[in-house]
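This report concerns only the one structure given below.
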Amino acid sequence: MNRTRLVLGVFLAFILTAPLVLPEFHVTLLNYIGLYSIVALGLVLLTGVGGLTSFGQAAFVGMGAYATAYLSTVHGWSPWVTLLIGLALTFAVSLFLGFITLRLSGHYLPLGTIAWGISLYFLFGNMTFLGGYTGISSLPPINFFGLTLDSGREFNYLIWAFALLALLSMNNLLDSRSGRAIRALKGGGLMAESFGVDTARMKIIIFVHAALLASLSGWLYAHLLRFVNPTPFSINSGIEYLFMAVVGGAASVWGAVVGAGILTILKQWLQNILPKLLGQSGNFEMIVFGVLLVLLLQRAREGIMPLAVRFFPAPKKLLAPVSQVLQRRIRPAAGEALLDVIGARKAFGGLVAVNDLSFTMRSGEILGLIGPNGAGKSTVFNLITGVLPASGGEVHFRGERIDRLSARAIIPRGLARTFQQVHLLPTMSVLENVAIGAHLRGRKGVVSAALRLERAEEATLLAEAAQQLERVGLGASMHEQAGSLALGQQRILEIARALCADPVLLLLDEPAAGLRYQEKRALAELLRGLKAEGMSILLVEHDMEFVMQLVDRLVVMDFGEKLAEGLPREIQTNPAVLEAYLGSVN
Ligand code: ADP
Ligand code: MG
């Protein structure tokens with residue numbers, strides 16, 4: 001039995017026995033920790049994992065609480081029905097708010113969440129049918145298969161059952177195809193889009209998910225207290241929820257419970273001790289919280305879970321047996337026209353990085369794109385793969401014009417790339433990083449992931465990632481963190497990731513940079529092998545020896561323009577090239 005299971009077992013045993021043996025006061029604390037954990041869990045997903053800060057979660061808690069308070073008292077509906085209605089309402093409102101707020105970038109997003117957090121609070125307070133600032137009282141207790149949960153001790157089981165289900169499903173979600181896409185949002189958005197992830201949609205999904213958890217917590221809260229008023233749903237609580245998520249950190253979903261636990265107990269303790277110390281009453285704990293938050297952000301940005309997680313090494317992921325086969329693309333015949341760049345142009349303000357560049361590629365070819373630093377090679381890659389919009393010219397791929405398409409629309413057509421500056425998720429395993437490349441070869445979404453209904457597909461995706469890692473020679477490192485690899489290896493990882501997309505054309509931006517001699521030879525061997533299988537490769541590379549022995553043809557760029565084009569031996573003796581390029585290197 002591993003340590004993680006042991007701690008989980010102890011925790012479960014505690015939750016099961018605590019309400020029976022603890023004094024009333026402690027049971028109440030435990031109830032609150034459970035309620036807050038559910039909200040904080042949503043924020044771990046939204047803010048910790050997804051990088052989207054929300055101060056407004058308390059308003060969604062209020063939505064769940066008020067929906068059930070109003071409908072179960074005024075209309076006398078069953079709390080189980082009003083739970084569903086509250087969730088549906090929250091779903092609709094958060095979807096709408098998500099659409100308007102998530103477009104805001106940088107500091108505007110948190111400001112936006114503060115704005116609607118405050119608005120919803122005043123809305124609750126000013127609605128006379130919701131009881132104004134006095135609120136609604138005498139909510140019915142929850143009835144569970146004939147059992148009336150009208151004491152805090154009984155309610156504890158309901159709260160923690162929901163909290164554990166939420167934790168479990170979140171854990172499932174993060175460990176899936178959609179989960180990898182969500183984890184790429186913070187720091188890997190561009191890369192994820194390049195592999196077909198709809199990052200805008202993923203942001204909405206985690207926003208709605210977090211709101212639904214908050215609403216669920218509100219429903220539980222309302223029936224625990226059997227009374228609601230606007231106070232607990234103010235922006236102050238929103239800040240506290242965010243604080244809990246930050247304290248716990250995003251390293252593990254259990255950070256939500258740890259954060260909620262620490263803050264709840266600390267707040268209780270400070271509320272007792274501070275007035276005694278200071279000799280007067282007031283909300284001094286908020287000041288202490290503020291100071292602690294600043295300290296935490298300076299000293300332990302990732303929250304306190306990473307410290308704890310170190311004691312619980314994740315068990316090595318065993319690759320599950322595969323029962324499906326991944327579809328492969330139909331490849332063009334060798335020699336067929338593949339890529340056609342016609343008069344491509346890109347200007348950054350006054351700087352023309354690519355100027356009227358034209359070249360073509362045939363299927364099965366390795367074409368080298370070379371030129372001095374700053375010649376515009378990477379910009380050409382960005383134009384072809386849709387990462388940057390072109391200022392002029394056209395790009396055609398297999399007879400289809402693609403220069404107006406986004407990166408996300410281009411990848412399914414069979415172009416996959418690596419980046420000159422590696423784009424990977426350093427704390428995610430090598431295997432999972434590579435599996436992002438296969439994103440579009442899976443179909444299953446967040447709901448099946450949370451319910452673990454996508455295991456067959458997931459096994460297939462991971463097996464594909466493992467196979468591509470073996471192919472590029474990184475099989476032995478697949479369970480390591482991607483960030484722990486040497487830079488040269490990280491570039492090789494990117495090749496495996498691109499191969500996972502089952503490309504027709506592979507675009508490699510300086511893949512040999514940072515590799516040792518033997519590794520370069522292995523890479524050349526790999527690329528030759530890929531070519532033999534019919535892969536077409538567009539290669540940007542600085543190492544001349546490496547390029548010359550590998551490519552069929554070369555295009556030489558200088559100052560954004562095409563300087564020469566031809567076979568390696570022609571280029572090696574071309575006077576213009578020797579002067580502009582080789583001359584400047586030697
Ligand atoms: P290479 O890959 O051949 O070294 P790049 O395509 O990276 O060259 O850069 C070509 C020129 O365009 C350089 O002068 C570079 O500074 C400029 N450049 C590249 N990307 C940008 C950008 N996003 N914004 C402004 N200038 C850029
Ligand atoms: Mg470059």
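Predicted model, so just to flag it, every value in this text is computed and none were measured. For the numbers below, each heavy atom of this structure counts, side chains included, while hydrogens, waters and symmetry mates do not. Every number for a ligand or one of its atoms is a count from 1 in the order of the listing. Residues: numbered from 1 along the sequence shown.
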- How close does the nearest protein non-hydrogen atom get to atom 4 (O) of ligand 1, and which residue and atom is it?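 Result: G374 N, 2.8 Å.
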- How far is atom 8 (O) of ligand 1 from its nearest protein heavy atom, and which residue and atom name does that atom have?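 Protein heavy atom with the smallest distance to atom 8 (O) of ligand 1: G376 N, 3.2 Å.
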Is any NZ, NE, NH1 or NH2 atom of the basic residue among [X] and [Y] found under 4.0 Å from an Asp or Glu carboxylate oxygen of the other?
X    : Y    : result
R528 : E525 : yes
R362 : E365 : no
R183 : E432 : yes

Give the atom numbers and elements of ligand 1 that come within less than 4.0 Å of a heavy atom of [X].
X    : answer
T379 : 5 (P), 6 (O), 9 (O), 10 (C), 19 (C)
S378 : 1 (P), 2 (O), 6 (O), 7 (O)
N373 : 4 (O)

- Task: Find out whether the Lys NZ or Arg CZ of R417 is both under 6.0 angstrom from the six-membered ring centre of F419 and within 45° of the ring's axis.
- Result: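 Checked: cation-pi criterion met.
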- N/O/S atom of Q420 under 2.8 Å from the Mg ion (ligand 2), yes or no?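 Under 2.8 Å: Q420 contacts the Mg ion (ligand 2) through an N, O or S atom.
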- Item | Presence of N, O or S from N373 under 2.8 Å of the Mg ion (ligand 2) |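 Of the N, O and S atoms in N373, none lies under 2.8 Å from the Mg ion (ligand 2), which means no.
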- Item | Stepwise salt bridge (charged side-chain N to carboxylate O under 4.0 Å, His left out) test for R177 and E454 | CA-CA 9 Å; R177 166 180 178 266; E454 37 60 276; over 6 Å; no
- Query: Does a donor on one side chain and an acceptor on the other come within less than 3.5 Å for Q468 and E464?
  - Reply: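 There is such a pair (donor and acceptor under 3.5 Å, judged by atom type) between the side chains of Q468 and E464.
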Does ligand 1 come near enough to [X] that some N or O of the ligand is less than 3.5 Å from an N or O of the residue?
X    : answer
F348 : no
A353 : no
L351 : no

- Message: Test your reading of the model: is there a side-chain donor-acceptor pair from E533 to the backbone of M535, 3.5 Å cut-off?
- Response: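 No: the side chain of E533 does not pair with the backbone of M535.
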- Is atom 16 (O) of ligand 1 less than 4.0 angstrom from at least one protein heavy atom?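 Protein heavy atoms within 4.0 Å of atom 16 (O) of ligand 1 - there are none.
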- Message: If you count heavy atoms of other groups shown closer than 6.0 angstrom to CD of Q327, is the number above 12?
- Response: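 No, not enclosed.
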- Item | Sub-4.0 Å heavy-atom approach of G371 to ligand 1 |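 Contact absent.
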